[in-house]
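These numbers come from a predicted model, not from an experiment. Computed from heavy atoms alone, side chains included, the values below leave out hydrogens, waters and symmetry copies. Order of the sequence lines sets the chain letters (A, B, ...), proteins ahead of strands, with each chain counted from 1.
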Amino acid sequence: MNSVIDRLRRTTDAIIGEADLLERLGSGRPLRIKYGVDLTAPDLHLGHAVNLWMMRQLQDLGHQVVFLLGDLTTRVGDPTGRSATRPLLNPDSIAANASSFLDQVALILRTDPAVFEVRRNSEWYDAMPVAELLGLFGQVTHAQLMARDMFRARVEAGREIAVHELIYPVLQGYDSFAMRSDLTIVGSDQLFNEQLGRHFQQRLGMPPQVVITTTITPGVDGRAKQSKSLNNYIGLTDTPQDKFGKLMSIPDELVEPYAHVYTELPLDTVAGLAASADAGGTSARDAKLRLAAAVVTRYHGAGVARAELQAFQQTFSARSLPTDIPTVVLDGPVATVLDLLAALRPTETRSHLRRLIHQGAVTINNTRATDPTAPVDPVELVIRSGPRTWHRIRPSPTAERE
RNA sequence: GGCGAGUUGCCCGAGUGGCCAAAGGGAGCAGACUGUAAAUCUGUCGGCUUAUGCCUACGCAGGUUCGAACCCUGCACUCGCCA
């Protein structure tokens, strides 16, 4: 059983209740692993995936992930990391977010019912009489809640805390009791709420869940963590090509931490990559290529990773044509370079495209086009607009005839 | 409830009557270079049928003025202090 923990330890920050975990893993009973989420718009990235992969390992041993949709608590709003009260969500988007969450989680977790169960916390909260709810509140003191640094900071700053925000950790904690959680694997920012879970379970006569907090890794720009608002994350739903490219764009110093937590490469291999990254020059580049290939392999398989590696080298190192240029058949006539670009990239404004042309970003059959108003022949063309946007043109059947 | 401060482009933030499509920074985009979608440097960064042009924009609605992001009035929201 120690070996299980040892494997988990690679991406673990801390284990609260390690002795219990050892004992439970040894008991032969499948553990119930709480994976609770807030139903805000999900965009799971490699950081989230660290936790999910740990759960996946446990699933492979027969343990059960209980995916808890916090439909009720989302209506309340987690104050974690918020310096101000945040707005509430409407039921429609909550439902949409739930299904999107399931899709993304299924990229890593097994969804076989034997090891995966979906619950919603409205199941117990909707049915709970006020008297009982108040009883719950009686289990937690003001001092316990105020121990939370974020709440204290707000008080000190003279900012307000709405009562529902104060209550949020209480509800999230009680979830652990209601779903009989044995273990939960969360980012360290969730430690406080999950410790309340332990508190409730003990108060209500249940063995407390084990809490594993995981290593947080920086975003692709080197900032503290991956986040949607900073647009510095690698999404689980990103294409293999994007995953590969984004990994190539990380600062050299991040090769080591990324390889450590985002891949399953042997640790001495990771150390080797770190040394190469340190050395700079082409060896740093090669370390990144290996890292990128390892990550892409994990999500898309070795074949896809090999193909992306090759494509990347061909496109960026050898500067030759990428292999997967989309072919476009024009359905209408185009008169000028600008028209042509606009047809190829309909989501960009014409002003932006005009700028690209002026800046020398646009190449037609390897010849730079600098005049937006220049006429083009709608024959077979390969157009590059910017470093990684390529199109191949086939004339439309009608244009061909004329 | 009283008093005060604020609301500017994707984000932060300067601007207090014409020189403002709006300083500066960040993000983004592009070029050069390169070891990569690293780093660095440079440019660009509201939209528009080609533009010493037009349109839209500085919380919302009005007003003053030849002219307003900048002045006045009302409204909405945010924040601070006091009670």
Side-chain angles (χ1 to χ4, degrees), chain A residues 82-87 154-162 218-224 226-235 238-259 273-293 295-296 308-320 322 324 332-343 345-363 368-376 383-390:
Chain A
R82 305 264 161 181
S83 55
T85 303
R86 92 176 172 195
R154 278 213 229 168
V155 170
E156 275 162 22
R159 287 170 181 274
E160 56 194 9
I161 301 170
V220 293
D221 56 355
R223 291 206 233 184
Q226 301 193 48
S227 89
K228 198 171 173 176
S229 51
L230 293 176
N231 192 26
N232 64 351
Y233 66 98
I234 299 174
D238 281 350
T239 62
Q241 188 182 358
D242 275 343
K243 286 194 183 87
F244 201 102
K246 285 181 181 181
L247 286 161
M248 291 307 289
S249 81
I250 64 173
D252 293 352
E253 312 81 73
L254 252 42
V255 168
E256 199 277 328
Y258 268 42
L273 290 182
S276 309
D278 236 24
T282 50
S283 78
R285 179 202 56 196
D286 293 340
K288 278 190 204 173
L289 286 170
R290 290 192 60 190
L291 167 67
V295 172
V296 172
E308 286 307 330
L309 174 63
Q310 214 168 35
F312 191 89
Q313 288 175 314
Q314 189 169 8
T315 309
F316 295 105
S317 301
R319 268 148 225 279
S320 54
D324 56 344
V334 290
T336 64
V337 174
L338 182 59
D339 286 338
L340 177 62
L341 261 198
R345 303 179 66 175
T347 59
E348 301 291 350
T349 66
R350 289 173 76 86
S351 295
H352 179 242
L353 297 173
R354 191 186 304 278
R355 249 174 255 133
L356 287 183
I357 296 169
H358 283 305
Q359 291 183 127
V362 177
T363 283
R368 186 167 280 183
T370 51
D371 179 6
T373 63
V376 277
I383 293 119
R384 170 181 178 272
S385 49
R388 46 189 187 277
T389 310
W390 298 79

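- Residue-level contact check: Pro387(A) touches the backbone only, with heavy atoms under 4.0 Å from sugar-phosphate atoms and none from bases.
- Of the listed nucleotides (G35(B), G31(B), C48(B)), G35(B) has the atom at the smallest distance from the side chain of Ala284(A).
- Atom CZ in Arg350(A) sits 4.0 Å away from atom CG in Leu338(A) (nearest 0.5 Å).
- If you check every strand for non-hydrogen atoms under 4.0 Å, Gly245(A) touches a base.
- At the heavy-atom level, Arg290(A) lies nowhere under 4.0 Å from the strands shown.
- For His352(A), whose side chain is taken as the heavy atoms from C-beta onward, the closest listed nucleotide among G35(B), C48(B), C29(B) is C29(B).
- Between the CD1 atom of Ile357(A) and the P atom of G31(B) there is a distance of 13 Å, rounded to whole Å.
- As a whole-Å value, the separation of Arg285(A) CZ from G35(B) C1' is 6 Å.
- Whole-Å rounding puts the His358(A) NE2 to C29(B) P distance at 20 Å.
- In plain terms, the two heavy atoms of Ala287(A) and Ala277(A) that are nearest each other are CB-N, 4.1 Å.
- Residue-to-nucleotide contacts include a donor-acceptor pair under 3.5 Å from the side chain of Gln359(A) to the base of G43(B).
- Regarding Arg368(A), its CZ atom lies at a distance of 7 Å from the P atom of G31(B), rounded to whole Å.
- The distance between atom CD of Glu348(A) and atom C1' of G46(B), rounded to the nearest whole Å, is 14 Å.
- Defined by atom type and a distance below 3.5 Å, a donor-acceptor pair is present between the side-chain atoms of Asp339(A) and Thr336(A).
- Atom CG in Leu341(A) sits roughly 15 Å away from atom C1' in U50(B) (whole-Å rounding).
- The side chain of Thr349(A) lies closest to C48(B) when the candidates are C29(B), A37(B), C48(B).
- Put simply, CD1 on Ile250(A) is 14 Å from P on A37(B), counting in whole angstrom units.
- A donor and an acceptor atom sit less than 3.5 Å apart, one in the side chain of Asp252(A) and one in the base of G35(B).
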